Every structure is written in structure tokens, then in C-alpha cells.
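Letters A, B, ... are given to chains in the order of the sequence lines, protein chains preceding strands, and every chain is numbered from 1. Just so we're clear, the structure is a prediction, and the values are computed from it rather than from any experiment. What's counted below: heavy atoms across the whole structure, side chains too, no hydrogens, waters or symmetry copies.
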2 protein chains.
Amino acid sequence: MEWPVTSRTIHCSDPVAPANVHAPATDGDTIANDACGTCIMRGFCLPSWGEPGAPPPLQRTHIARRRVRKGQAVFRQGDRSEYLYAVRFGSFKSVTGLRDGREQVMSFHLPGELFGFEGLADGAQPCTVRAIEDAEVCVLPLADVSEAAGESRFVLHRLTQALSMELVRERRMAALIANTRSEERVGTFLLNLSQRLSERGYSAREFQLRMTREEIGSYLGATLETVSRCLSSLARQGFVTVHRRQIEIVDADGLRASYETPA
Amino acid sequence: MEWPVTSRTIHCSDPVAPANVHAPATDGDTIANDACGTCIMRGFCLPSWGEPGAPPPLQRTHIARRRVRKGQAVFRQGDRSEYLYAVRFGSFKSVTGLRDGREQVMSFHLPGELFGFEGLADGAQPCTVRAIEDAEVCVLPLADVSEAAGESRFVLHRLTQALSMELVRERRMAALIANTRSEERVGTFLLNLSQRLSERGYSAREFQLRMTREEIGSYLGATLETVSRCLSSLARQGFVTVHRRQIEIVDADGLRASYETPA
DNA sequence: CGGGAACTTGACGCTTGTCAAGACGTGTGG
DNA sequence: CCACACGTCTTGACAAGCGTCAAGTTCCCG
């Protein structure tokens, strides 16, 4: 089964015209899966969502990969939303323009995570997603995802589950900002990163922040100065060590005990 | 076609375990829709989500109605989530318990709106939903909703659309709290209520707040005193009039211009 | 090696939370 | 029908937290 490669190729909407996206199609009949088969993220990605025993979803879809350089946009606010994206490596921020011209960070996307759900609402992306370091995504056509969900109750369940988990995360975030002072927000942010990284096989104890203090501040509803002060304060209390972007979580339980929102 | 009223009535489960919800199927073949046919909210509700021409979704589902008195819970944090709920009349708040025992308001649900999506994530409700005035909901079994989505691409699309709209709303909320001072939050809250009410056929200009200042404050990340001061301030500036819970929006455009977040 | 971006730290003032007192409305019981 | 009590709301005074402005340091990249 061959597939006209270019018909599925997506061109980046950034000012610079980037990179076509694709690995060339192989001419076997399991197209997607030899690409997915060697992907380090395959265990977390959508093609693994199938029922055990049944053929995996998106088996017949050609899944393009796309390089995105630091600062480039994967898509922009207002673009038509036709794809879901899975982060292969690198990190992204989701931002929306503010009245005064600044950008508000709405979320971060780490390796192994999916993004692009928000665009399902009305077909237009409400946010711009931008790489905060050199990165690569897999591009999953929404039409195919939707078809897979229609064909398998299992996939449908995973899809609605993913969506509602996002919803719950977003609510937690709003509650965090509404109810806590900035030091607690920063502490919770670190714990959150730590957990998400460890779920994907990275160290929960030590990691590098990929984002600036300003981006963290925007996300958490604080200024970059406040973020910096909070990090210093958490370090002074012995919960973490901070050397610029290198974080070590020294006392996760202590941090959790004083800061993490309970059930 | 007559209906044994009591078979549709569900009694509130508040302190006790949730009652079973399904009435026995009747032996006609168009079951749900004579109940929905006379419902004032039918144009907004899930059974209207079908493709034009095709039979509406949940046609064969018995849709129970349930009265909920002021202060009673529809479901509680931790309950298994087996249903979606549609508000027939009255208003609800969605709350989550805080460390210190207080309750944080996560959202409000007005007549004609759906709630219960959040529970899809892991099968357990992350929030308690409580009536803030005497109210009634329709109870839609998730299994049937899911089945309808599996059978019709159209319904699937509406469902994911509804979920991602919630997601976008939640993000906007987080951004609002993160980036604005309290007067702007309160102004935006009023505009938001106004719009949601007018979408359901109520007046956009005049309405009654169904919630206390404290609940608004919890939702917006402010204290009840601050909410009160902001309402007074907005009134002093001529944007609205406020008499306890009676709100009139005098200058919506002015309010929007100074407060509403732009694209 | 130099320039600039990112970060840290300090001083000061605005916004909001906290505490407190009092006004208004509603429901209940005499 | 009135009186009282309670929940809700308003307003004021003060203090704490955080944003803003500013200066100086560290690190990265060309």
C-alpha cells in the first residue's frame, strides 16, 4: 500500500519556511509502525492506545515527523486545526497573545506528551505553540484519529480520557493560582515537572528547566523576579538546589508536605 | 403517551449512596424523546446533537430527571463517574476540598449546560457538584453517550468539541486569574454570566446572581470583601448597577473595552 | 574575548488579604 | 404583625505579598 508522501506533508507556518516533515514512506504495508517501532516514546503515544490483541490505531496512517527549531511555531493562533501532535523530543510552550502585545504562557509540553486538543473546539487554534528548544514532533491527522476513535471503543475511551485529564489539569492550575502564594506555585510547578518527567523515564530528582524564569512566571501568574526569589527561598529552606536551570529536588516529601494541594 | 412520573424521579443521594438511576425501559420505541420534546432546554442538550435527518442520539436511552435541593450534592468527589448531567433549571457549583477544610469553587453550571466531563479521566469525580438553588438535572448514562459517539461521527465530533471547549474555557480562566487584577476578573465574570445566560434565551442585560460573594471570590481567586469592593467600584464607574444579587449591565461595551481579554 | 540574554537581589509602593464593625434582608417564632 | 436572629453584604483601617524599577552578576554564544 503506497502513500503519496507529499499529499500528507505539512508546511510550517512560521515566517521562515521550514522543513518538510516527513520521513519518506516505506513501501511495506505497515507504514506507521516501523516509524513508531523505533521511537523511544512509542509506549506513551497514541498508536499504543489500541486494545491488546487488536491492531494498533493509526496503523494505516502515515505519521509525519517534523523538526522545529527553538523559537519556531508548530502552529499559530487562528490556524485551522487538522492535527494532533506528539512530542518526540524537545519542549514546547503554548502561548496566547495579550492585549498589550505580550504573550501569556498557557502550558508546557514535554517529550512524550500530546498537544493540539484545544483546537478541536471550533477548528481554529486558540494558542500558538512554540518550541523552547530544538525539538521534533509527530503529526497525527485529526481525521484519522477521529476515525480510529469511531472504530474502536477502546481508542475512543483513551481519547476522551486524555481530553478530560487535560481538563482536570487545567482546573487544578486555575485553583492553584487562585488559592496560593507564589512560593507554593513555584514549588508545585517543580513537583509537577518532576512527576511528568519521571513518568516518561527521566529522573524525578534532577532535571534541567527548559524555560526561562519569565516563561515560568507567565505560566504561574507571577513576574520573573518573583519566580527567582521563590526559587532562592526554596533553596534556602533546603527543599531544592538551584543552579540557574539545573534543578535538584532534595526533599520532595518536605516540599509536597508544605505545598502540594491534597486530594 | 403517558409516563409514570415517579419512574423518572430520582431522589437526591446526598448523604447516602447514589441511587440507581435507570428507570426500566418502556416498551415504546421512541423512549427518550417525548421527555426531551417538551423540555425547554432541548435545543441545547445532548439529544439534539445528532446529524440532521438521522435519528437523534440517546433515542433509546431512558433519561432520568433528578431534583436537587439547594445545598445538596449531585455527586461527590471520589464517586464513580457514570453519568453526564444536563441542567434543566437551577444552578450548580463544582467544588473541591482544600487542605484547610475550605472548599474551592472550580466552576458554575447554569441552566442548559452540561457537566460531569471531568470524571471521564479516571472514572472518579475530582469535584463535588452542589446545587446553589433548588434545581433539576437530566441524567445521561456515560455508557450510552459513549455508544452514541461510537456510532455517529457527528456525535463524536460534538462530544470532543464540548470537551475541548471546556478545556479552552478553563485555560482562559487560569490566564484571567494569572494576569489581571481583581476588578477586571469581576467585570469579566459578569460579562461571562451575561453571555452564557443570553445564549440560553435569558436577558443579557439584567440577571440575578445565584451565588454568594464568597463563592464568586473563591472562583475568581479573591476574597468576598474584594468582590464586594469591585462590584461597588464597577457601579461607581457606571458600568453596572448592583443591588445585592440583582445585576444590571448598563454599559457592556465600556466594560468589555476596559476589561475583556481580546483575541 | 566581548556582548547580550538570563538571572539575582534590593528598595519602594500598589493591590489585596485580614480583621473588625455595622447595615440590610429574610425567615422564624412569639 | 412585630421582634429578633442569622446570613449576607458593605465599608474602613492596617499589614503583607507582590509588582515595578533599578543595579549588578553570571553564563552562553558568536
Side-chain angles (χ1 to χ4, degrees), chain A residues 69-71 91 93 98 100 102-105 130 132-134 176-187 189-190 208-237 240-247 258-259, chain B residues 69-71 91 93 98 100 102-105 130 132-134 175-190 208-237 240-247 258-259:
Chain A
R69 297 204 174 279
K70 179 172 176 174
S91 310
K93 64 177 175 181
L98 251 46
D100 52 21
R102 287 172 317 148
E103 285 189 334
Q104 155 75 11
V105 175
R130 202 178 283 287
I132 56 180
E133 59 182 331
D134 289 354
L176 182 74
I177 297 177
N179 284 296
T180 66
R181 44 194 67 167
S182 48
E183 192 170 306
E184 177 163 351
R185 295 182 214 167
V186 173
F189 177 71
L190 293 180
Q208 281 252 356
L209 297 176
R210 302 302 179 169
M211 60 294 282
T212 67
R213 306 286 193 262
E214 185 170 14
E215 287 163 340
I216 298 172
S218 173
Y219 180 59
L220 294 176
T223 59
L224 69 95
E225 294 94 331
T226 299
V227 172
S228 178
R229 275 186 256 267
C230 290
L231 286 172
S232 302
S233 167
L234 291 174
R236 227 176 297 123
Q237 295 168 67
V240 298
T241 67
V242 181
H243 291 110
R244 287 184 76 85
R245 297 200 180 176
Q246 184 65 34
I247 304 290
S258 26
Y259 297 122
Chain B
R69 293 202 177 280
K70 179 174 177 172
S91 311
K93 63 176 175 181
L98 252 43
D100 52 20
R102 287 173 316 150
E103 284 188 334
Q104 155 75 11
V105 175
R130 202 178 283 289
I132 56 180
E133 60 182 329
D134 290 354
L176 182 74
I177 297 177
N179 284 295
T180 66
R181 44 196 64 172
S182 50
E183 192 170 308
E184 178 164 350
R185 295 182 214 167
V186 172
T188 305
F189 176 72
L190 293 180
Q208 281 252 355
L209 297 176
R210 302 301 180 172
M211 60 293 282
T212 67
R213 304 287 193 261
E214 185 170 14
E215 287 163 339
I216 297 172
S218 173
Y219 180 60
L220 295 176
T223 59
L224 70 95
E225 293 94 331
T226 299
V227 172
S228 178
R229 275 187 255 268
C230 290
L231 286 172
S232 301
S233 167
L234 291 175
R236 228 175 297 122
Q237 296 168 66
V240 299
T241 67
V242 181
H243 291 110
R244 289 186 75 82
R245 299 200 177 174
Q246 184 65 35
I247 303 291
S258 25
Y259 297 123

**Q** So, for B:Ala178 and A:Gln104, which heavy atoms are closest and what is the spacing to 0.1 Å?
**A**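 Scanning both residues, the minimum pair turns out to be CB-NE2, 4.3 Å.
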**Q** How many whole angstroms separate atom CD of B:Gln208 from atom P of D:dT8?
**A**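 Taking CD of B:Gln208 and P of D:dT8, I get 15 Å after rounding.
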**Q** Would you please confirm or rule out a distance under 4.0 Å between OP1 or OP2 of D:dC18 and any side-chain N or O of A:Ser182?
**A**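 For A:Ser182, the contact criterion (side-chain N or O under 4.0 Å from OP1 or OP2 of D:dC18) is met.
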**Q** Report yes if some heavy atom in the side chain of B:Leu190 is under 4.5 Å from a heavy atom in the side chain of B:Leu209; otherwise report no.
**A**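 Result yes, sub-4.5 Å side-chain heavy-atom pair found.
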**Q** When the distance from CG of B:Asn179 to P of D:dG19 is rounded to whole Å, what number comes out?
**A**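 Answer to the nearest Å: 11 Å.
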**Q** Does the side chain of A:Leu231 reach to within under 4.5 Å of the side chain of A:Val186, using non-hydrogen atoms?
**A**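 Heavy-atom side-chain distance check passes, below 4.5 Å.
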**Q** With A:Arg181, which residues qualify under side-chain contact (heavy atoms from CB on, under 4.5 Å), at least two apart?
**A**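 In terms of side-chain contact (heavy atoms from CB on, under 4.5 Å), with neighbours along the sequence ignored, A:Arg181 is linked to no residue.
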**Q** Which of residues 214-222 of chain A sit near DNA chain D, with a heavy atom under 4.0 Å from it?
**A**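 A:Gly221, A:Ala222, in order of number.
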**Q** For the helix from C:dC1-D:dG30 to C:dG30-D:dC1, how many degrees between its two end axes (five pairs per end), to the nearest 10°?
**A**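 It works out to 40° between the end axes.
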**Q** Minimum heavy-atom separation for B:Phe189 to B:Leu220, with atom names?
**A**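 Smallest heavy-atom distance, with atoms named: CB-CD1, 4.0 Å.
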**Q** Write down the protein N/O and nucleotide N/O pairs, taken from nucleotides 20-30 of chain D, whose separation is under 3.5 Å; answer none if there are no such pairs.
**A**
from, atom 1, to, atom 2, distance (Å)
D:dT20, O4, A:Arg229, NH2, 2.9
D:dC21, N4, A:Glu225, OE2, 3.3

**Q** Tell me, please, which residues at least two apart from B:Arg245 pass salt bridge (Lys or Arg N to Asp or Glu O under 4.0 Å).
**A**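 With neighbours one apart ignored, the set is empty.
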**Q** Reading DNA chain C from 5' to 3', where do the contacts with chain B start and stop? Cut-off is 4.0 Å to heavy atoms.
**A**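 Under 4.0 Å from chain B, the extent on DNA chain C is C:dT15 to C:dG25.
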**Q** Return the value, rounded to whole Å, for the distance between atom CD of B:Gln246 and atom P of D:dT10.
**A**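 These atoms are roughly 13 Å apart.
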**Q** With a 4.0 Å cut-off on heavy atoms, is A:Leu231 in touch with a base, just the backbone sugar-phosphate, or nothing at all?
**A**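 Answer is nothing: A:Leu231 stays at 4.0 Å or more from every strand.
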**Q** Provide the full list of salt bridge (Lys or Arg N to Asp or Glu O under 4.0 Å) pairs with a residue in residues 210-223 of chain B, sequence neighbours left out, each pair given once.
**A**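 Pairs touching residues 210-223 of chain B that pass the test: B:Lys93-B:Glu215, B:Glu133-B:Arg210.
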**Q** Quick one: do the B:Ser233 and B:Gln237 side chains pair a donor with an acceptor below 3.5 Å?
**A**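 Yes.
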**Q** Is it true that A:Lys70 and A:Asp134 have a side-chain N and a carboxylate O under 4.0 angstrom from each other?
**A**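 Salt bridge flag = no for A:Asp134 with A:Lys70.
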**Q** Check side-chain contact (heavy atoms from CB on, under 4.5 Å) between B:Ser232 and all other residues, then give those that pass, not counting sequence neighbours.
**A**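 Applying side-chain contact (heavy atoms from CB on, under 4.5 Å) to B:Ser232 gives B:Arg236.
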**Q** Side chains of A:Ile247 and A:Gln208: does their closest heavy-atom pair fall under 4.5 Å?
**A**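 Sidechains of A:Gln208 and A:Ile247: no contact.
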**Q** Return the set of residues passing side chain to side chain donor-acceptor pair (under 3.5 Å) with B:Thr226 (not counting sequence neighbours), or none when no residue passes.
**A**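 By the side chain to side chain donor-acceptor pair (under 3.5 Å) rule, B:Thr226 matches B:Thr223.
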**Q** Listed by chain and number, what are the side chain to side chain donor-acceptor pair (under 3.5 Å) partners of B:Glu103, not counting sequence neighbours?
**A**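 For B:Glu103 there are no side chain to side chain donor-acceptor pair (under 3.5 Å) partners, ignoring immediate neighbours.
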